[in-house]
Structures are given as C-alpha cells and as structure tokens.
Amino acid sequence: MTAQPERLTVSSWVNALWALVRLKHAPGRTFQAVFFSSTASRLDDVSPELLTHLAWSLSRLQLQPSYLWWRSLVNATAGIEKAFSHGQLASLIHSVALWAEPGGIHMRDVQRLVDLLLVEVDCQLAVMQPGELTTILWSLGSLNFAGKYVPDCEVQDALLAAIQGQLPRLNPGQLASLCWGLAKLQHPLPEGFAEALLLEVQAQVQGFADGGLANVMWALAKLRLQPGVAFKEALWEELHARCSSLTLHDLSTLLWAIARLPLQPPADLLGELTQQFLTLLREVHGGLLHARNFTPTPTSRREFAELTEATANLSFSDEESALNGYCAVEFQPGCR
C-alpha cells in the first residue's frame with residue numbers, strides 16, 4: 001500500500017504564503033483549496049506569532065477563505081487573544097483591515113475578531129508605540145469605510161488619548177495615516193487634539209510624500225480643521241516647490257481640500273496649480289477623450305467633480321474658464 005504523503009504543517013503553509021507574497025505571485029484555485037482544507041481544523045494549535053504572520057500573508061495575497069475557515073480563524077484567535085504582544089495586535093488588526101477592503105470576507109466575524117483584539121489593545125495602551133497606535137487608528141478608519149464597522153466610542157476615546165501625547169514622535173508617513181484614519185472615523189477629538197495635530201502637520205509639511213500631503217489636506221477638510229496663517233504660508237511654499245511633480249489624483253484632491261477648508265492660495269500659485277492640472281488632464285485623458293464611444297471612468301469623474309467644486313469656491317483668474325470649459329465639453333453626460 002502506498003503511504004499517504006505527510007501533510008504540511010501550518011508553519012510550512014505560512015512560509016509558502018510568505019514566499020508567494022515576496023514573489024508577487026497569486027496562487028491558483030487548486031493551491032487555495034488545498035491550503036484552506038488542510039489548515040481549517042488546525043488553527044487552534046497555532047501560536048500568536050504564527051497567526052499574525054498567516055493573516056499578514058493572506059491579506060497581502062487577498063485570498064478569500066470560506067465562511068467555516070474564517071470562523072475557525074476567529075475562534076483560534078479568541079482562544080489566545082491575551083497572549084498577543086502589542087506589536088502583534090497592531091499587525092493583526094491592520095491585516096484584517098487590508099483583507100476586508102474588497103468586501104469578500106464576512107463582516108460579522110470581522111467585527112467579532114476586531115472587538116476581541118481591541119479589548120487587548122486597551123489593556124496594552126500604555127506600552128504601545130506611536131506607530132502601532134497609528135496603524136490601529138488607520139485600520140479602524142479603513143474598516144469604518146462605508147459603515148462596514150464602527151468601533152466602540154470608549155475604545156476610540158482611549159486610542160485618541162493614548163496617541164495625543166505622542167504626536168511629536170510620529171514620522172510624516174505615520175502622521176498622514178493618522179489624519180486619514182481620523183477623517184474616516186469622524187469621532188470627536190479630545191480637547192487640544194486638533195490644535196496639536198495642526199501644529200505637528202505644519203512642522204512636518206516638508207516631509208510628506210506628494211500623496212501623503214494630499215491625504216493630509218483631504219483629512220483636514222473632512223475634519224473641518226482650519227489651518228492658521230503660519231500653516232498656510234508653509235503649505236503655499238511647499239506647493240510652489242512641488243507643483244510640477246504632483247499627479248492628477250493628488251492635485252485634484254489638494255484643490256478640493258483647499259476649496260473646502262476654505263483657503264485662498266496666492267494668485268500666482270493658483271495659476272501654477274491650474275496650469276499643471278490642465279496639462280495633466282490632457283496628458284492622462286487626452287487620448288481617451290477623443291476615442292470613439294469614450295465613457296469617463298469613476299476616477300476621472302471624481303477628479304472632474306473635485307475640480308468643479310474647487311473652481312466654484314476658489315477665486316480663479318483666466319484659468320477658471322479654461323478648466324470649466326474643458327470639463328463641460330469633454331465630460332458632460334452623453335458627450336462623445
């Protein structure tokens with residue numbers, strides 16, 4: 001009789017998944033079916049470290065398990081939730097947020113799992129690093145998108161209180177993620193938090209990547225946090241320096257946020273930004289606009305919607321008529 005091949009351990013499966021992530025190779029359906037069927041009944045014996053690595057790999061590969069496998073993962077986590085370190089808690093919540101974005105996993109179990117982990121987060125707030133707190137708040141903001149998950153108000157209060165005193169320790173990337181998460185959560189900020197956040201954003205404005213700066217300004221507009229004179233001067237100087245490197249997406253977001261706050265850039269800067277937007281519109285959409293039966297994409301419609309709102313609220317010069325005319329001719333319903 002031929003001996004049956006020995007099953008891979010869960011640890012071996014995790015190593016294989018990690019390698020696939022590094023190789024940027026999405027496994028096929030057969031691989032996924034064998035993996036999920038082989039591991040579903042063995043998650044109860046997995047350590048917190050291995051479970052964290054497993055969730056990390058699956059979230060990056062965007063593999064969507066069955067209801068029973070996901071439930072096994074939740075139950076396994078519930079059995080060892082007190083054994084997770086603060087770093088593992090932040091990583092696991094982040095992986096769940098990345099995993100849940102496509103909407104392929106079961107949101108009730110997502111809520112159950114995150115609630116379990118947040119209880120342990122609350123117990124370890126005093127030892128959590130600023131980056132870990134930022135990761136958790138970003139993740140909760142991501143899960144909150146479109147009402148997918150609303151964390152308990154007391155949990156959000158505790159997280160905000162913990163991060164408030166550590167704002168100066170955040171790097172620009174972490175600060176941008178924090179602002180984005182806060183804007184998604186829309187939870188009331190504690191006393192003094194808004195002022196401290198604006199001061200920190202102002203101090204680090206030169207360190208943000210272009211996308212990070214756009215996200216920060218979008219978040220400030222969503223949170224209705226009005227920058228002071230010094231902040232605006234630093235922002236205008238930074239936009240002058242970056243204008244030619246901004247992407248269409250970042251530029252449309254920035255113009256929308258500036259109009260929403262509302263802020264009024266200097267005339268010369270507004271002219272530069274507008275001209276850059278026109279140039280990018282022609283480069284990115286020009287070929288498509290003249291294609292037969294062209295239908296604007298959701299992204300292009302969003303960019304033009306943001307631009308339309310910006311031109312309605314900012315004091316443009318001659319560029320306003322050019323921008324509005326371009327949008328009206330090329331993107332009106334039924335056009336082309």
Side-chain angles (χ1 to χ4, degrees), residues 1-124 127-129 131-133 135-136 138-140 142-143 148-149 151:
M1 180 180 295
T2 303
Q4 292 294 320
E6 184 177 348
R7 291 196 303 174
L8 289 175
T9 64
V10 176
S11 178
S12 296
W13 278 112
V14 171
N15 290 336
L17 292 171
W18 181 89
L20 291 174
V21 173
R22 295 301 182 188
L23 292 170
K24 298 180 180 180
H25 178 77
R29 292 182 178 179
T30 301
F31 178 99
Q32 295 184 46
V34 173
F35 164 73
F36 288 127
S37 64
S38 174
T39 57
S41 62
R42 295 190 286 161
L43 296 180
D44 288 339
D45 298 326
V46 173
S47 67
E49 180 181 12
L50 198 58
L51 204 59
T52 303
H53 291 323
L54 174 61
W56 184 92
S57 297
L58 292 174
S59 68
R60 270 63 178 185
L61 292 170
Q62 287 297 307
L63 303 189
Q64 300 301 328
S66 67
Y67 171 82
L68 291 177
W69 193 94
W70 177 252
R71 179 56 61 88
S72 296
L73 175 65
V74 175
N75 290 337
T77 304
I80 57 172
E81 77 273 21
K82 296 185 182 301
F84 286 96
S85 68
H86 50 88
Q88 290 167 348
L89 288 168
S91 177
L92 187 50
I93 292 172
H94 186 228
S95 293
V96 172
L98 294 176
W99 214 354
E101 282 182 328
I105 60 177
H106 307 279
M107 291 309 301
R108 286 185 180 180
D109 286 318
V110 168
Q111 182 169 348
R112 181 187 169 203
L113 177 57
V114 175
D115 283 343
L116 280 169
L117 296 173
L118 287 177
V119 171
E120 296 309 310
V121 167
D122 188 54
C123 295
Q124 300 193 42
V127 296
M128 282 201 153
Q129 297 298 308
E132 294 166 353
L133 293 168
T135 294
I136 292 171
W138 179 94
S139 301
L140 296 180
S142 180
L143 289 167
K148 288 179 179 178
Y149 172 68

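Heavy-atom basis, side chains included; hydrogens, waters and symmetry copies ignored.
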Legend entry - Residue pair Pro65 / Leu63: nearest heavy atoms and the distance that separates them: CD-O, 3.3 Å
Inset, instruction - Without swapping roles, check the side chain of Trp99 against the backbone of Gln64 for a donor-acceptor pair under 3.5 Å. - result: no
Inset, instruction - Sequence neighbours left out, what passes side-chain contact (heavy atoms from CB on, under 4.5 Å) with Val119? Give chain and number order. - result: none
Inset, instruction - Would you confirm whether Glu132, through its side chain, and Val127, through its main-chain N or O, come within 3.5 Å as a donor-acceptor pair? - result: no
Inset, instruction - Starting from the C-alpha separation in whole Å, work towards a yes-or-no answer on side chain to side chain contact (heavy atoms under 4.5 Å, CB included) for Leu140 and Val114. - result: CA-CA 9 Å; Leu140 296 180; Val114 175; 4.0 Å; yes
Inset, instruction - Would you indicate whether the side-chain heavy atoms of Ser139 and Val96 approach each other to under 4.5 Å? - result: no
Inset, instruction - Answer whether the closest heavy-atom distance between the side chains of Leu17 and Leu61 falls below 4.5 Å. - result: yes
Legend entry - Test item: Glu81 side-chain N/O and Leu116 main-chain N/O as donor-acceptor pair under 3.5 Å: no
Legend entry - Residue pair Arg112 / Asn75, side-chain heavy-atom distance below 4.5 Å: yes
Legend entry - Separation between CG of Asp109 and OG of Ser72, rounded to the nearest 0.5 Å: 10.0 Å
Legend entry - Of all pairs that satisfy side chain to side chain donor-acceptor pair (under 3.5 Å), the ones with a partner from residues 10-22, not counting sequence neighbours: Thr9-Ser12, Trp13-Ser38
Legend entry - Side chains of Leu89 and Ile136 in contact at under 4.5 Å (non-hydrogen atoms): no
Legend entry - Inter-residue atom distance Trp138.CH2 - Leu98.CG, 0.5 Å rounding: 5.0 Å
Inset, instruction - Taking the side chain as every heavy atom from C-beta outward, state whether Tyr149 and Asp115 have any pair of such atoms under 4.5 Å apart. - result: yes
Legend entry - Close side-chain approach of Arg60 and Ser95, heavy atoms under 4.5 Å: yes
Inset, instruction - For His53, enumerate each residue passing the side-chain hydrogen bond (donor to acceptor under 3.5 Å, both in side chains) test, keeping only those at least two apart in sequence or located in another chain. - result: none
Legend entry - Residues which pass side-chain hydrogen bond (donor to acceptor under 3.5 Å, both in side chains) with Arg108, listed by chain and number, not counting sequence neighbours: none
Inset, instruction - Compare every heavy atom of Pro48 with every heavy atom of Gln88, then report the nearest pair and how far apart it is. - result: OE1-CB, 3.6 Å
Legend entry - Chi angles and distances behind the side chain to side chain contact (heavy atoms under 4.5 Å, CB included) call for Leu117, Leu113: CA-CA 6 Å; Leu117 296 173; Leu113 177 57; 4.1 Å; yes
Legend entry - Check: Ser59 side chain, Ala55 main-chain N or O, donor-acceptor pair, under 3.5 Å: yes
Legend entry - Residues which pass side-chain hydrogen bond (donor to acceptor under 3.5 Å, both in side chains) with Trp69, listed by chain and number, not counting sequence neighbours: Thr39
Legend entry - Distance in Å, Ser91 OG paired with Glu49 CD, rounded so as to fall on 0.5 Å steps: 10.5 Å
Legend entry - Set of residues satisfying salt bridge (charged side-chain N to carboxylate O under 4.0 Å, His left out) with respect to Lys24, sequence neighbours excluded: none
Inset, instruction - Could you walk me through whether Val110 and Trp70 pass the side chain to side chain contact (heavy atoms under 4.5 Å, CB included) test, one step at a time? - result: CA-CA 9 Å; Val110 168; Trp70 177 252; 3.8 Å; yes
Legend entry - Derivation and outcome, side chain to side chain contact (heavy atoms under 4.5 Å, CB included), residues Ile93 and Leu118: CA-CA 9 Å; Ile93 292 172; Leu118 287 177; 4.0 Å; yes
Inset, instruction - Look up atom CG in Leu54 and atom CG in Leu50, then write down how far apart they are to the nearest 0.5 Å. - result: 7.0 Å
Legend entry - Atom pair OG (Ser85) and CD (Glu120), whose distance is rounded to the nearest 0.5 Å: 11.5 Å
Inset, instruction - Look up atom CG in Leu92 and atom CG in Leu51, then write down how far apart they are to the nearest 0.5 Å. - result: 6.0 Å
